[in-house]
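The structure appears below as structure tokens.
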Amino acid sequence: MSKGNRQSHVVLFTNSSILTRMVWAPSRTSSPCCIASSYKPDSGWTKMSAEWLTDWTCLLRGLRDLIAGCIQAVRDCNTFALTTVVCLLLLFAWYCYRVGKDQPRSPFATVNLLIQSSDAKGLQNGFAYCHSRECVRCTHNEGLNQKLYHNLQEYAKRYSWSGMGRIHKGIREQGRYLNDRPSIQKPELFFLPDLPTMPYFSRDAQKHDVELLEQNFATILSEFEVIYKAFSNCSMPQGWKLNSTPTGEWFTLYLVNQGVCIPANCKKCPRTYRLLGSLRTFIGNNVFGNACISVLTPGTVITEHYGPTNIRIRCHLGLRIPANCELVVGGEPQCWAEGHCLLFDDSFLHTAFHEGSAEDGPRVIFMVDLWHPNVAAAERQALDSIFAPGR
């Protein structure tokens with residue numbers, strides 16, 4: 001190959017000192033004897049490969065620098081500071097364990113487990129009778145406020161005073177609240193100040209629980225009809241309680257009475273009992289919480305009375321509602337409806353009656369106590385502790 005006829009050009013492709021190619025091509029002639037000394041690659045593929053290799057090189061370098069930095073940070077870390085952080089983490093884990101351990105147990109265990117301990121809980125005829133002289137629900141004396149304040153102090157020391165303002169105010173001035181309240185609303189035991197007051201609440205106040213109860217209307221009614229057949233005998237069936245009324249008869253079958261589960265009764269209504277565990281606002285851990293089936297025979301009148309507190313709203317789900325039955329709360333009459341819930345504040349003066357005939361049959365409702373919607377979560381937890389059953 002002569003110098004006069006041909007010129008050689010050397011083209012160098014370099015990308016990040018990795019990809020290098022030499023190409024020799026003719027400049028003026030295209031003689032068959034003159035060929036390129038190597039293959040000329042596609043420029044797009046070369047560019048993509050170069051960028052890919054460059055990105056991986058940067059990534060690996062960054063990862064190397066990160067690992068080296070972490071190792072150096074551990075080496076340079078103050079031993080005392082590291083020990084302090086570890087101790088704080090261990091202390092936090094221990095605190096979380098204690099808080100979880102000290103929380104009150106949910107009453108919604110399996111029915112079979114509850115039956116095993118029924119004799120040890122002071123249950124008579126399926127109804128819970130309190131035997132404690134210190135029980136705040138059954139104590140009506142001048143020392144009650146001191147006891148409530150002591151319970152509040154115990155709770156606040158273990159957890160926090162945060163959010164306890166209304167409860168502290170209510171306990172401190174409980175005597176004034178109970179004595180100076182208008183006669184239309186006068187809770188017998190505990191009044192929480194600054195709660196909206198009205199005789200009746202709309203179903204939206206506890207919409208989730210109301211809808212859940214109404215969806216299970218047929219289930220509750222069917223379980224009631226099975227156990228109510230026992231009334232064909234002359235004696236009162238096991239588990240039912242006869243309440244005092246001026247006329248007629250008022251029977252109740254409690255699944256939960258003053259925060260205490262009644263195992264034998266829950267076994268008779270297992271699906272209804274399990275439903276209570278699905279309610280978000282059911283009061284199941286303090287003495288103000290109840291769930292029962294309530295039966296009024298024709299001609300029954302319940303004496304006007306006040307409930308123990310304004311922190312709850314009482315929910316009545318109509319199961320059997322004949323004509324001439326009525327509930328009066330704060331002077332306002334309302335009628336039940338089968339398959340529908342009626343919400344009211346039982347700290348208002350209230351009564352109920354069944355003026356139907358014997359042919360109409362009994363009035364039957366399923367009663368559940370729910371939290372007042374304006375009682376905050378922190379207050380509910382504190383009230384569960386202060387008014388725990390048997391305290």
Side-chain angles (χ1 to χ4, degrees), residues 103-109 111 114 117-118 121-123 126-130 132 134-139 148 151-152 155 167 170 187-192 195 201 205-206 208-210 212-213 216 220 239 241 243 252-266 269 272-294 305-317 341-348 350 365-391:
Q103 288 299 312
R105 292 180 59 189
S106 172
F108 308 109
V111 174
L114 292 170
S117 60
S118 61
K121 291 187 177 181
L123 305 181
F127 185 77
Y129 291 88
C130 180
S132 174
E134 304 299 325
C135 174
V136 295
R137 179 68 173 85
C138 305
T139 302
L148 295 180
N151 292 349
L152 174 61
Y155 174 84
I167 297 178
E188 295 181 341
L189 182 63
F190 179 73
F191 180 82
L192 186 65
L195 281 183
F201 285 79
Q206 297 297 0
H208 173 271
D209 290 351
V210 167
L212 190 60
L213 287 167
N216 287 271
I220 302 172
K241 177 179 181 290
N243 302 279
T252 49
L253 180 79
Y254 279 88
L255 304 185
V256 177
N257 176 46
Q258 296 184 15
V260 178
C261 183
I262 313 300
N265 293 348
C266 294
C269 308
T272 303
Y273 169 72
R274 285 194 295 268
L275 175 63
L276 294 177
S278 301
L279 302 179
R280 295 176 181 174
T281 59
F282 172 59
I283 302 178
N285 292 320
N286 69 52
V287 296
F288 299 128
N290 302 275
C292 73
I293 296 173
S294 175
H305 62 286
Y306 302 97
T309 182
N310 67 328
I311 66 171
R312 71 187 188 189
I313 56 176
R314 181 152 280 185
C315 175
H316 283 184
L317 172 64
C341 290
L342 183 62
L343 304 179
F344 65 99
D345 184 345
D346 72 325
S347 66
F348 282 80
H350 63 284
I365 56 102
F366 181 59
M367 185 194 78
V368 183
D369 288 325
L370 307 176
W371 283 104
H372 190 292
N374 293 92
V375 178
E379 294 175 319
R380 296 179 186 183
Q381 182 175 328
L383 291 168
D384 277 345
S385 176
I386 296 170
F387 293 99
R391 287 202 69 175

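Model, not experiment: these values are computed from the prediction.
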**Asked** Under 4.5 Å between any side-chain heavy atoms of Asn310 and Phe348, yes or no?
**Response** no
**Side chain Ser294, main chain Ile365, donor-acceptor under 3.5 Å** = no
**Complete:** Here the pair of heavy atoms bringing Cys266 nearest to Leu255 is SG-O, 3.5 Å
**Message:** Walk me through whether Leu212 and Ser278 qualify under side chain to side chain contact (heavy atoms under 4.5 Å, CB included).
**Reply:** CA-CA 8 Å; Leu212 190 60; Ser278 301; 3.6 Å; yes
**Message:** Show me the pairs that pass side chain to side chain donor-acceptor pair (under 3.5 Å) and involve residues 366-375, at least two apart or across chains.
**Reply:** Asn290-Asp369, Arg312-Asp369, Arg314-Asp369
**Item:** Shortest non-hydrogen contact from Tyr273 toward Cys261
**Value:** CE1-SG, 3.6 Å
**Prompt:** Hey, what do you get for CG (Leu276) to SG (Cys269), rounding to the nearest 0.5 Å?
**Reply:** 10.0 Å
**Spatial distance of atom OG (Ser347) from atom CD1 (Ile313) [nearest 0.5 Å]** = 11.5 Å
**Fill in**
When rounded to the nearest 0.5 Å, the distance separating NE2 of His316 from CG of Asp346 is 8.0 Å
**Message:** I want to check something: taking the side chain as every heavy atom from C-beta on, are Tyr155 and Gln381 in contact at a cut-off of under 4.5 Å?
**Reply:** yes
**Message:** Run His208 and Thr281 through side chain to side chain contact (heavy atoms under 4.5 Å, CB included) and show every step you take.
**Reply:** CA-CA 9 Å; His208 173 271; Thr281 59; over 6 Å; no
**Prompt:** Leu192 and Thr309: side chain to side chain contact (heavy atoms under 4.5 Å, CB included), yes or no, with the steps?
**Reply:** CA-CA 8 Å; Leu192 186 65; Thr309 182; 5.9 Å; no
**Prompt:** Roughly how far, to the nearest 0.5 Å, is OH of Tyr306 from CG of Asp345?
**Reply:** 12.5 Å
**Item:** Intermediate values then yes/no, side chain to side chain contact (heavy atoms under 4.5 Å, CB included), Phe282 and Val368
**Value:** CA-CA 7 Å; Phe282 172 59; Val368 183; 3.3 Å; yes
**Complete:** Output for pair (Leu383 CG, Ile283 CD1), nearest 0.5 Å, gives 9.0 Å
**Item:** Heavy-atom side-chain contact between Gln258 and Pro389 under 4.5 Å
**Value:** no
**Test item: His350 side-chain N/O and His305 main-chain N/O as donor-acceptor pair under 3.5 Å** = yes
**Message:** Nearest 0.5 angstrom please: Leu279 CG to Leu213 CG, how far?
**Reply:** 5.0 Å
